[in-house]
Amino acid sequence: MSIPKNPDIRVRFAPSPTGYLHVGGLRTALFNYLFAQKNNGSFILRIEDTDRKRYIPGAQEDLLKTIKEVGLDYDEGPIIGGEYGPYIQSERSDLYRKYAQELIDKGAAYYCFCTEERLEKLRNEAKENNTAVMYDGKCRNLSLEEVQEKLARNIPHVIRLKIPKEGSTVFYDVVRERVEVDNALVDDQVIIKSDGFPTYHLANVVDDHLMKISHVIRGEEWLISVPKHIFMYESLGWKVPKFVHLPLLLNPDKTKLSKRQGDVTVEDYLAKGYLPEALINFIALLGWHSSDDREFYTLEELVKAFSLKRISKSGAVFDVEKLNWMNGWYLRNLGLEYIAEKAKPYFEKAGLDISDHKKYLRVVDNARNRAVTITEMIAHSEMFYKNLTFSDEDKDIISKENTKKLFSFLIERLSSQENWSENEIKGLINETIGAVGVKGKELYFPLRLALFGEVHGPDIPTLIDILGTKEAIARLKSVLNA
RNA sequence: GGCCCCAUCGUCUAACGGUCAGGACUCAGGAUUUUCAUUCCUGCAAUAGGGGUUCGAUUCCCCUUGGGGUCACCA
């Protein structure tokens, strides 16, 4: 159980509690998890709650719950703690202030007293000129006296990075290899906001260093801010971690995966009855692929097969169709008892009395062969529990003279013994064809309608097996007497 | 628009510089089945364009085009 972890491999997933877990976030978490597991490293969970405006109470708990539900157990993080805690950024504020001060002392950062209005004006000007929006450096060279004086007068301020104007920053991303950015194009990023909280950039760098993170595995949207981060690492005299920027998850129209174009949170999918196994498997294949044609993996198998080297560079469209296919496959191929257990809350919520476990298992077994999600399984199961209702069209079929003869015959024969095996039912059907003189559609459609409420569906032996002889007879009688 | 990243079937992707460019999803057709579903089989479908380098480019280089990301006191 307690093989010592490799201290050279430490990765983290650092969501911010601003809502439910995004599927893109799940993919990032998964790749971090896989890389850590594969190399006997540590997978750390850190909550980045430095944005007080977007903070949503309860979101952190939801995040933790979802991560647990999909099985991505972390080695250090909230609740379980760890050697490098606390793992919630709002509890680490003094640390960020301390290092921001150190950056100022080293000439790598400065106080900025510019007002929101002035910044807004700058932004508008930049937009008009069609250039990148950048701080113009007004406060870059304030004298110590000026700074002291403004501070003394309690003028609102932020702390900005003092990015060098010359040269360029070159770094190597594990996925993208060499990336070079001209320093003159790197903005003097705010690292401490006027409310005293750090921005992502500072908090991230400080925590990654303090928590001894070896590989920063995150979405590609962060690639462009790496020079800012490197500037901080180097100014503070810290070792720069390896960067692994994952290709983005895309909407069908190829833009960054977002709401509006469908479900984006893991909770959405779980609520609809997608299985964690399918979700994990599907999402692992978005931006990563083994060298062979294999598509089905358990989490453990993913750990074995995973490699950063096989992460692709281009964005991947999140194709629900393929997820559907995969979820259906898991529904059909995982253990029946397991699926039944998973489906229980959904069935109960739908108001179905599933207390007869043997019947429930048969119902589930039937439904899982016909559904893509657990929610869909309900639609294939309700008729085994609820009273059937018939349309006029249905009634026409049921009330035909031949059909009545058919039902009468079957009621009588069925009543002759308690339990019928599926084979015996098959025999009975053949017997019926001879005795009543109906066959094919004439036989099966009305029969299925009476037992199941629909002309299409499971075959008759299965239907009777699920319902039980008694209920089958009752249903036949009910339509016969209607 | 500046900068950065990316580019194989509609989608996810495979292919030491030498393959009939492979697999999967979707779709179409067929087989099995009383029907539906499952399952199985078959088929449709791609190297963005142009230049190089090379005996030979999906693969290496350049340009073009296209797409995306980023440009916050959000992460």
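Every chain is numbered from 1 and lettered A, B, ... according to where its sequence line falls, protein lines coming before strand lines. Worth knowing before you read on, the calculation uses all heavy atoms, side chains too, and leaves out hydrogens, waters and symmetry mates.
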When you measure from the centre of the six-membered ring of A/Phe13, is the NZ or CZ of A/Arg46 under 6.0 Å away and within 45° of the axis?
no
May I ask you to check if A/Arg332 and A/Tyr330 form a cation-pi contact, with NZ or CZ under 6.0 angstrom from the six-membered ring centre and within 45° of the axis?
no
When you measure from the side-chain N and O atoms of [X] to the phosphate of [N], is any distance below 4.0 Å, counting only OP1 and OP2?
X        : N     : value
A/Arg27  : B/C12 : no
A/Lys254 : B/U11 : yes
A/Arg332 : B/U39 : yes
A/Ser312 : B/U13 : yes
A/Lys193 : B/A75 : yes
A/Lys127 : B/G1  : no
A/Arg160 : B/C73 : yes
A/Lys256 : B/U70 : yes
A/Thr199 : B/A72 : no
A/Arg310 : B/A15 : yes

What nucleic acid atoms does A/Asp459 come within less than 4.0 Å of, heavy atoms only: base, sugar-phosphate, or nothing?
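It contacts base atoms.
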Under 4.0 Å between any heavy atoms, over every strand shown, what does A/Ile460 touch: base, sugar-phosphate, or nothing? Just pick one.
base
Interface residues of residues 282-299 of chain A with RNA chain B (non-hydrogen, below 4.0 angstrom):
A/Leu285, A/Leu286, A/Gly287, A/His289, A/Ser291, A/Asp293, A/Glu295
Kindly confirm whether the side-chain ring of A/Tyr444 is stacked on the base of B/U34, judged by centres under 5.5 Å and planes under 30°.
yes
Drop me the distance from A/Leu428's CG to A/Leu410's CG, to the nearest 0.5 angstrom.
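So the CG of A/Leu428 and the CG of A/Leu410 are separated by 5.5 Å.
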Distance (rounded to the nearest 0.5 Å) between A/Asp263 CG and A/Asp268 CG:
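It comes to 4.0 Å.
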Hey, do the aromatic rings of A/Tyr360 and A/Phe347 have their centres closer than 6.0 Å?
yes
Among A/Met377, A/His380, A/Lys359, which one satisfies side chain to side chain contact (heavy atoms under 4.5 Å, CB included) with A/Val364?
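Result: among A/Met377, A/His380, A/Lys359, A/Met377 is the only option passing the side chain to side chain contact (heavy atoms under 4.5 Å, CB included) with A/Val364.
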Which one of A/Val11, A/Leu299, A/Leu45 satisfies the side chain to side chain contact (heavy atoms under 4.5 Å, CB included) criterion with A/Tyr33?
A/Leu299
Note: A/Glu454-A/Arg448 ion pair, threshold 4.0 Å (strictly below)
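Looking at A/Glu454 and A/Arg448, the cut-off is not met.
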A/Lys127/A/Glu125 salt bridge by N-O under 4.0 Å criterion:
no
Proximal nucleotide (of [options]) relative to the [X] side chain:
X        : options             : result
A/Val179 : B/A75, B/C73, B/C5  : B/C5
A/Asp51  : B/C3, B/G68, B/C74  : B/C74
A/Glu321 : B/U34, B/C6, B/U26  : B/U26
A/Glu116 : B/A75, B/U35, B/C73 : B/C73

Give me the ring orientation class for A/His229 and A/Trp222: parallel if the planes are under 30° apart, tilted from 30 to 60°, perpendicular past 60°.
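It falls in the tilted class, 30° to 60°.
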Which is more 5' along RNA chain B, the nucleotide nearest A/Thr131 or the one nearest A/Val190? Just name the residue.
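Nearer the 5' end of the strand: A/Thr131.
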Is there a donor and acceptor pair closer than 3.5 Å between the side chain of [X] and the base of [N]?
X        : N     : answer
A/Arg123 : B/C71 : no
A/Ser314 : B/C6  : no
A/Arg54  : B/C74 : yes
A/Lys322 : B/A24 : yes

Quick one: which protein N/O atoms are closer than 3.5 Å to N/O atoms of nucleotides 44-46 of chain B? Pair and distance per line, please.
none

Taking the C1' atom in each of B/G49 and B/U65, what is the distance between them to the nearest angstrom?
7 Å
Residues two or more places apart in sequence or in another chain: which of them pass salt bridge (Lys or Arg N to Asp or Glu O under 4.0 Å) with A/Glu301?
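For A/Glu301, the residues satisfying salt bridge (Lys or Arg N to Asp or Glu O under 4.0 Å) (neighbours in sequence not counted) are A/Arg294.
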